[in-house]
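Here is the structure we will look at.
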Amino acid sequence: MYLTLQDVHNIRKELCPEYFPNNACDFDSLRAEFCRQQTVEIESRTLLFLKNVMEPIEGYPAMTETHFVAVIQTQGQRDMLQQYGRKGICIDATHNITRYKKIYLVTLMVLDDSERGVPVAHCLINHEDTPSMEVFFRTLLPQIQGLGVRYFLSDDAPAFYNAWQNIVKDKAVKIRCDVILHVFLQSRPGTRSIRALRPGKRTAVIVFGVCLVTR
C-alpha cells in the first residue's frame, strides 16, 4: 500500500484548513486586481484579460458561462516576445499545478540567443479548447501581428493551432513536436506522444524541438 499525492492533499485539508480558502473569494480578488490594473498604464499591467466563471462577456460568442480565462504577461515578457518571437514560438499546457481542479496553465515560449526556453505569456484556463486559446491569442494579437512567426510548435492538441489560424492568420508552419522528435520518443519504450511525458520533460522536449527547426 502506497501513500499517494491525493492522500497528502486530504490530510493537509483536514489538519490545515487555512491552505484551502474559499475559491470564490480568490476569484473575487482576481476580479478586483484586474479592475485595479485597468487604471494604470498599459506597460504596468500584468493581468491582461480576465473572464471568471458565470460572467457574461461580449465579443466572444464561443465563450460560455462555464469558461474561465486569465491572461498574464509582464512587460519583460512582452519585450522578449518582440525580440525573439519571429523565429518561432512553442506552446504547451501543464495540468494539476494549482489547488484548483481542472485549472490548466498554458505557457507560450520563445528561444533566446542561448537557445534557452523563455516563457513570454501565460494563460490560466478551465477548458483546453479553441475558444479559450482564441481569447489568449486575441489578447496578445497587438504584439504577435507583424512579427512574421516562422514556426509554431505544439503537441498534437488541435486547439492551439486552430486558434492561432483563426486569430493571427499568418503563415507560421505548424510543427508537431512528437513528429520532429520521433527518435527521442522511440528511445523510450511505451511513450507514444509528448503528451504522455511528465509536464517538465514535455516542456524540455518542446524547447529542444524549437532548437532543431530554428537553426
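Keep in mind that the numbers below use all heavy atoms, side chains included, and drop hydrogens, waters and symmetry copies. Quick note: residue numbers are just sequence positions, from 1. This structure is a prediction, so every number in the text was calculated from the model and none was measured.
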Salt bridge (charged side-chain N to carboxylate O under 4.0 Å, His left out) against Glu65, all qualifying residues, sequence neighbours excluded: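 Result, salt bridge (charged side-chain N to carboxylate O under 4.0 Å, His left out) vs Glu65: none returned.
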
side-chain contact (heavy atoms from CB on, under 4.5 Å) with Ile57: which residues, sequence neighbours excluded?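 Only Phe49, Lys51, Tyr60, Met63 meet the side-chain contact (heavy atoms from CB on, under 4.5 Å) criterion with Ile57.
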
Partners passing side-chain contact (heavy atoms from CB on, under 4.5 Å) against Glu58 (at least two apart in sequence or in another chain):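 Testing Glu58 for side-chain contact (heavy atoms from CB on, under 4.5 Å), a comparison that skips the adjacent residues, returns none.
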
Should Val106 and Phe136 count as side-chain neighbours, where that means a heavy-atom distance under 4.5 Å?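 They are in side-chain contact.
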
Using side-chain heavy atoms (C-beta onward) and a distance below 4.5 Å, is Arg150 in contact with Val173?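 SC-SC contact between Arg150 and Val173 ruled out.
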
Grab the two heavy atoms, one from [X] and one from [Y], that are nearest each other, plus how far apart they are.
X	Y	result
Gly88	Val110	O-CG1, 4.0 Å
Glu134	Asn166	OE2-ND2, 2.8 Å
His122	Thr107	ND1-OG1, 3.4 Å
Glu128	Phe160	OE2-CZ, 3.7 Å
His127	His67	CD2-CD2, 3.6 Å
Asp129	Ala159	C-CB, 3.5 Å

Just say parallel, tilted or perpendicular for the rings of Tyr161 and Phe152, cut-offs at 30° and 60°.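 The arrangement is tilted - the two ring planes meet at 30° to 60°.
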
Point-to-point distance, once rounded to the nearest 0.5 Å, from OH of Tyr84 to CZ of Arg116: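 If I round to the nearest 0.5 Å, the distance is 8.5 Å.
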
